[in-house]
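Scroll down for the structure; my scribbles are underneath it.
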Amino acid sequence: MARIRLKNLHKSYKGGVQNAVKDVSLEISDKEFVVLVGPSGCGKSSILRMVAGLEEISAGEIWIDDRLVNDVPAKDRNIAMVFQNYALYPHMTVFENMAFGLKLRNYPKMEIEKRVHEAADILGIKKYLDRRPRQLSGGERQRVALGRAIVRKPAVFLFDEPLSNLDAKMRVQMRTEIHKLRLRLQTTFIYVTHDQTEAMTMGDRIVVMKDGVVQQCADPMSIYDNPRNKFVASFIGLPPINLMKGRIIKKERKFFFDEGKVQVKVVEDMFAKMVGYEGKEVFLGIRSEDIYDKLFASEASVDNTVRATCEVVEPLGSEVYLYLSSGKHNFIARVGAHDRPEVNREMDLVFDMSKVHFFDVQTEETIV
């Protein structure tokens, strides 16, 4: 088991990207599953590779338990890494691929066979042990890559976008398999992905990154419900949060968000946050599930109703996405499976103003 601490970690590439990772400090508890998520080039894979010992650290410290590992070779860190492209040896059988690392470490033959068969049993790949990678599907190859990591019984598992080469159905299945694996092995996991669905469904905590900087670190629902800034709010959630730019105005001791065509009242609990923003531009963010058809909304009033045109109706089985236009803004509402208005029809929508977020235009930080 292992606890990992990153202290003021930096990474720059000679002749390449400078400040790929900027002053990242993070503590990962023993047996915790932490997901690093962000767009391509945000520095998440660089952090993973530095923890693994595959990349040199430009500055800062990496601790595994009470051991500083900056200068410890990768092979001596008791870490196993699962890659995006599986990294299997094509000329070896599944058994040989899984056993290779143990053979390099001079494990006894009986111990190697025991560990390989135990891992194959956990992953349901015992019948493939005599096959070569080219004879396996993508999901089966990924299981072999997982098995190769499991047999080493490492203190830390590192995953670098392991599901990105799989189709949608297989990704869901493999997410479940990794969940089960985590519960069975009871060790520390660090998982890198650009897929926010993977991050939300798998992590005890999510670390959202942008341009080498940690934007927010918290459990999934805290990040979803209380994003620290506009980037986090727009990156986490599917479909993305709806954003509108407008001004805060005050009328009769009440605050309103005014976009021109859209005007909605700020709930009283947020009045204190709006002090100092009168007449100033802000971003309003509202998630698709917090926009309702007025016909089905008991809390509708003139202060939170918006008239919009439904341009596209996208049925998804259990729910429907409505692509709407109002003024100079487009937004998406997520409604029930049977709420399907006609295309190009105007409709009245209700904003749940208790769920909206406001962001400062200059800093893009959440207004608190």
Side-chain angles (χ1 to χ4, degrees), residues 33-49 51-52 54 79-98 100-101 116 119-152 154 156-185 187-204 206-209 220 235-240 316-318:
F33 195 126
V34 169
V35 180
L36 307 181
V37 65
S40 297
C42 70
K44 56 190 185 296
S45 290
S46 294
I47 291 175
L48 201 72
R49 292 176 67 83
V51 172
L54 302 177
I79 283 174
M81 190 161 178
V82 179
F83 297 91
Q84 176 181 347
N85 60 357
Y86 321 132
L88 301 177
Y89 296 107
H91 62 287
M92 292 183 182
T93 64
V94 168
F95 181 94
E96 290 167 340
N97 267 285
M98 292 173 65
F100 185 69
V116 169
D121 190 48
I122 290 170
L123 297 166
I125 55 173
K126 288 191 82 168
K127 61 185 177 181
Y128 305 132
L129 289 176
D130 294 328
R131 297 186 188 182
R132 285 182 166 76
R134 66 176 179 273
Q135 298 171 295
L136 305 177
S137 68
E140 290 161 354
R141 292 180 195 178
Q142 193 57 275
R143 280 187 173 87
V144 176
L146 283 169
R148 184 179 53 194
I150 291 170
V151 296
R152 291 179 50 197
V156 182
F157 281 95
L158 306 179
F159 290 82
D160 191 4
E161 306 209 31
L163 309 185
S164 58
N165 288 339
L166 304 179
D167 61 51
K169 183 178 179 180
M170 186 55 69
R171 281 202 301 272
V172 174
Q173 185 178 339
M174 287 303 299
R175 284 207 303 266
T176 303
E177 293 298 327
I178 293 172
H179 266 303
K180 292 178 182 177
L181 182 65
R182 179 270 177 100
L183 293 172
R184 186 162 183 170
L185 298 179
T187 189
T188 307
F189 282 67
I190 307 177
Y191 190 103
V192 159
T193 182
H194 64 271
D195 185 332
Q196 55 93 14
T197 301
E198 286 182 27
M200 289 291 292
T201 56
M202 299 181 78
D204 296 326
I206 300 175
V207 181
V208 184
M209 296 194 63
F235 191 83
I236 298 294
L238 194 66
L316 295 171
S318 61

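Index from 1, following the sequence. The structure presented is a predicted model; accordingly, all values stated were derived computationally and were not measured.
Remark: Phe83 pairs with no residue by the ring pair (Phe, Tyr, Trp, His ring centres under 6.0 Å) rule, at least two apart or across chains. Partners of Gln142 according to the side-chain hydrogen bond (donor to acceptor under 3.5 Å, both in side chains) rule, which considers only residues two or more places apart in sequence or in another chain, do not exist here. Residues forming a ring pair (Phe, Tyr, Trp, His ring centres under 6.0 Å) with Phe235 (at least two apart in sequence, or on another chain): Phe231. Among residues two or more places apart in sequence or in another chain, the salt bridge (charged side-chain N to carboxylate O under 4.0 Å, His left out) test is passed with Glu96 by none. Every residue was checked against the side-chain hydrogen bond (donor to acceptor under 3.5 Å, both in side chains) condition with Arg171, not counting sequence neighbours, and none meets it. Evaluation of the side-chain hydrogen bond (donor to acceptor under 3.5 Å, both in side chains) rule for Ser137 yields Glu140 as partners, not counting sequence neighbours. Under the side-chain contact (heavy atoms from CB on, under 4.5 Å) criterion, Leu48 pairs with Met81, Leu158, Asp160, Ile190, Val192, sequence neighbours left out. Residues passing the side-chain contact (heavy atoms from CB on, under 4.5 Å) test with Asp204 are Glu32, Phe33, Arg182, sequence neighbours excluded. Here Ala80 pairs with Ala149, Arg152, Pro154, Phe157 under the side-chain contact (heavy atoms from CB on, under 4.5 Å) rule; sequence neighbours left out. Listed by chain and residue number, Glu55 satisfy the salt bridge (charged side-chain N to carboxylate O under 4.0 Å, His left out) test with Arg49 (two or more places apart in sequence, or in another chain). For the side-chain contact (heavy atoms from CB on, under 4.5 Å) test, residues two or more places apart in sequence or in another chain that qualify with Thr197 are Arg175, Asp195, Thr201, Leu238. Every residue was checked against the salt bridge (charged side-chain N to carboxylate O under 4.0 Å, His left out) condition with Arg141, not counting sequence neighbours, and none meets it.
The shortest distance between side-chain heavy atoms of Val37 and Met200 does not fall below 4.5 Å.
Formation of a donor-acceptor pair under 3.5 Å by the Arg184 side chain with backbone atoms of Ile122 is not found in this model.
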